[in-house]
Visitor: 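Next up is a structure, given as structure tokens.
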Amino acid sequence: MIIVLLASACKPKHTESCTLEPALYQVADFPIGCAVDLNQLEFNPNYAQLLGQQFNQLSPENLMKAEHIHPQVNTYNWSEADRLVNYCQQESKSLHGHTLIWHQQLPTWMEHFSGTKSEWEAMFKDHIQSMCRHFKGKVRAWDVVNEAFNEDGTLRNSIWKQHLGAGYIEKAFRYAHEADPDALLFYNDFNLVLSPKKREAVLGLLKSLKQRGVPVNGIGLQMHISIAFPENRAMESAFQDFSEAGFLVHISELDISVNPYGGALNNDSNLWERQAQKLAVVLSLYKQIDHSRQYGITFWGLSDADSWIPSAFNREDYPLLFDVNYQAKAAYCKMKESL
Ligand code: 9MR
């Protein structure tokens with residue numbers, strides 16, 4: 001008995017008692033999004049209930065990536081994404097398309113495609129335009145190009161750069177717009193707050209595209225951040241810089257690690273409070289940008305059980321708003337207060 005009591009006294013206090021209603025999106029004056037795992041949505045009632053209740057914009061976490069949706073050169077596997085489209089339509093949620101052009105999660109045929117430069121270009125264009133045509137009128141926006149830059153601000157040597165040259169980014173936006181002129185088009189990347197050189201390079205490219213009439217509407221700041229970084233001033237200037245340059249700002253993949261350096265978790269209850277405080281800062285800085293530029297804030301997963309972080313980095317972590325039992329954490333309650 002004593003052992004049980006001691007054990008529960010040492011457990012980190014994940015949950016807070018604030019009400020789940022009104023929902024986050026009802027309190028916010030911009031969309032509140034979540035990355036979705038369709039399998040969870042279809043087979044886990046707790047997940048489906050909470051997702052449906054709290055969020056009004058969804059990003060497919062994986063199922064629109066080329067590997068899943070375009071597994072063979074002449075085969076598009078639309079069925080799963082279409083089920084998500086139907087869900088969004090039935091439940092009045094907007095859908096954020098993620099992602100058209102990336103260097104990861106490519107099907108083998110695409111990664112090993114062999115052809116002339118014009119055959120590469122035809123394949124690239126077909127992928128972008130087939131996606132945009134299929135989902136025309138069904139997605140609010142696309143992450144057209146994802147993670148094209150290195151931390152030092154140089155262009156990543158992806159297959160797209162190797163075979164199409166540095167101009168592939170501009171082409172991707174033009175092709176996407178041609179196929180779906182109504183969708184908002186985003187460039188999406190990580191560490192744009194943390195790496196000043198990367199941020200400068202991305203902002204420079206976006207400004208130059210815009211000046212030349214290339215249809216680019218916004219920036220996706222992924223924001224895989226932590227209780228320890230980035231600094232508040234860096235977040236503020238990143239939000240302001242992109243917004244003042246005329247771009248919509250999407251905090252597109254937010255999670256706040258409580259264990260960014262790995263190792264044993266420091267189980268003091270402060271962790272949850274620090275996580276909540278960091279989120280409050282993100283919100284207050286985001287709310288300072290012009291309202292017309294606030295495209296929305298998307299969390300990269302619903303509960304701590306759904307986060308990509310523990311398996312990707314092989315560490316214990318709890319970076320999201322709800323705990324593994326889908327109970328609200330301090331961060332959720334703080335978010336409600338801060339919206
Ligand atoms: O969360 C996604 C995870 O399930 C996948 O295994 C992973 C593959 O690289 O991609 C994750 O999502 C990424 C997103 O698509 C782009 N930005 C970084 C995200 C985390 O890796």
Side-chain angles (χ1 to χ4, degrees), residues 33-44 47 51 55 57-71 77 80-81 84 95-108 110-111 127-128 131 135 139 141-151 156 158-160 169 172 185-195 198-199 202 218-226 229-230 238 249-260 262 282 295-315 317-322 324:
C34 187
V36 182
D37 176 338
L38 186 69
N39 200 46
Q40 289 283 74
L41 178 61
E42 293 182 333
F43 296 106
N44 180 342
Y47 180 104
L51 186 87
F55 300 90
Q57 180 158 287
L58 304 179
S59 299
E61 186 173 0
N62 287 304
L63 59 77
M64 282 187 182
K65 292 172 181 171
E67 171 185 67
H68 293 274
I69 209 159
H70 195 174
N77 171 15
E80 291 188 331
L84 185 60
L95 184 58
H96 181 86
H98 175 80
T99 174
L100 296 174
I101 294 298
W102 194 21
H103 63 284
Q104 277 186 32
Q105 289 181 280
L106 295 167
T108 316
M110 200 181 263
E111 204 159 1
H127 179 74
I128 294 170
M131 296 280 286
F135 295 106
V139 294
W142 280 107
D143 287 334
V144 177
V145 176
N146 193 37
E147 303 175 5
F149 282 84
N150 296 310
E151 298 307 285
R156 188 190 292 279
S158 67
I159 57 166
W160 309 115
I169 299 179
L185 303 182
F186 283 75
Y187 174 81
N188 191 54
D189 213 328
F190 59 92
N191 283 356
L192 293 177
V193 175
L194 214 52
S195 300
K198 192 175 187 178
R199 174 160 87 238
V202 170
I219 182 72
L221 304 171
Q222 293 185 8
M223 304 268 295
H224 296 292
I225 63 172
S226 82
F229 54 79
V249 179
H250 183 200
I251 295 183
S252 57
E253 304 186 11
L254 183 59
D255 38 35
I256 304 178
S257 166
V258 294
N259 191 18
V282 172
Y295 173 83
I297 296 186
T298 298
F299 290 86
W300 207 241
L302 178 60
S303 82
D304 289 335
D306 307 302
S307 171
W308 67 290
I309 289 179
S311 63
F313 299 108
N314 192 24
R315 72 177 189 229
D317 215 329
Y318 305 97
L320 293 166
L321 294 178
F322 300 95
V324 295

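Note: hydrogens, waters and symmetry copies are ignored here, and every other heavy atom, side chains too, is used. One-based numbering along the sequence shown. Indexing begins at 1, ligand by ligand and atom by atom, following the structure's order.
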Visitor: Just need the protein heavy atom nearest to atom 8 (C) of ligand 1, so name the residue and atom and give the distance.
Guide: Q105 OE1, 3.1 Å
Visitor: Quick one: does any side-chain atom of R156 pair with a main-chain N or O of N150 as donor and acceptor, under 3.5 Å?
Guide: no
Visitor: State whether the shortest distance between N or O atoms of W308 and N or O atoms of ligand 1 falls below 3.5 angstrom.
Guide: no
Visitor: I'd like the name of whichever of E61, Q104, K65 reaches closest to atom 10 (O) of ligand 1 through any heavy atom.
Guide: K65
Visitor: Is the H127 ring parallel, tilted or perpendicular to the H70 ring (thresholds 30°, 60°)?
Guide: parallel
Visitor: Going by the order shown, which atoms of ligand 1 are within less than 4.0 Å of some heavy atom of N146?
Guide: 16 (C)
Visitor: Is there a donor-acceptor contact under 3.5 Å linking the side chains of E67 and N62?
Guide: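 Judged by distance alone, the side chains do not pair up.
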Visitor: Would you check, one step at a time, whether the test side chain to side chain contact (heavy atoms under 4.5 Å, CB included) holds for D37 with D306?
Guide: CA-CA 8 Å; D37 176 338; D306 307 302; 5.7 Å; no
Visitor: Taking atom 17 (N) of ligand 1 as the point of reference, which of H224, H103, E253 owns the nearest heavy atom?
Guide: E253
Visitor: Atom CG of L320 and atom CZ of F299: how far apart are they, to the nearest 0.5 Å?
Guide: 8.0 Å
Visitor: Where the closest heavy atom to atom 14 (C) of ligand 1 is concerned, which of M64, Q222, E67, H98 has it?
Guide: H98
Visitor: Suppose we measure from atom 5 (C) of ligand 1 to each protein heavy atom; which comes out shortest, and what is that distance?
Guide: N62 OD1, 3.4 Å
Visitor: Does a donor on one side chain and an acceptor on the other come within less than 3.5 Å for D143 and H96?
Guide: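 Checked: D143/H96 side chains pair up, N/O donor to acceptor below 3.5 Å.
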Visitor: Out of all atoms in ligand 1, which are within 4.0 Å of some heavy atom of W102? Include the element for each.
Guide: 9 (O), 15 (O), 16 (C)
Visitor: What residue and atom, counting heavy atoms only, is the protein's closest point to atom 12 (O) of ligand 1, and at what distance?
Guide: W300 NE1, 3.2 Å
Visitor: What I want to check is whether the side chains of D304 and S307 have a donor and an acceptor closer together than 3.5 Å.
Guide: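 Distance-only check fails for D304 and S307.
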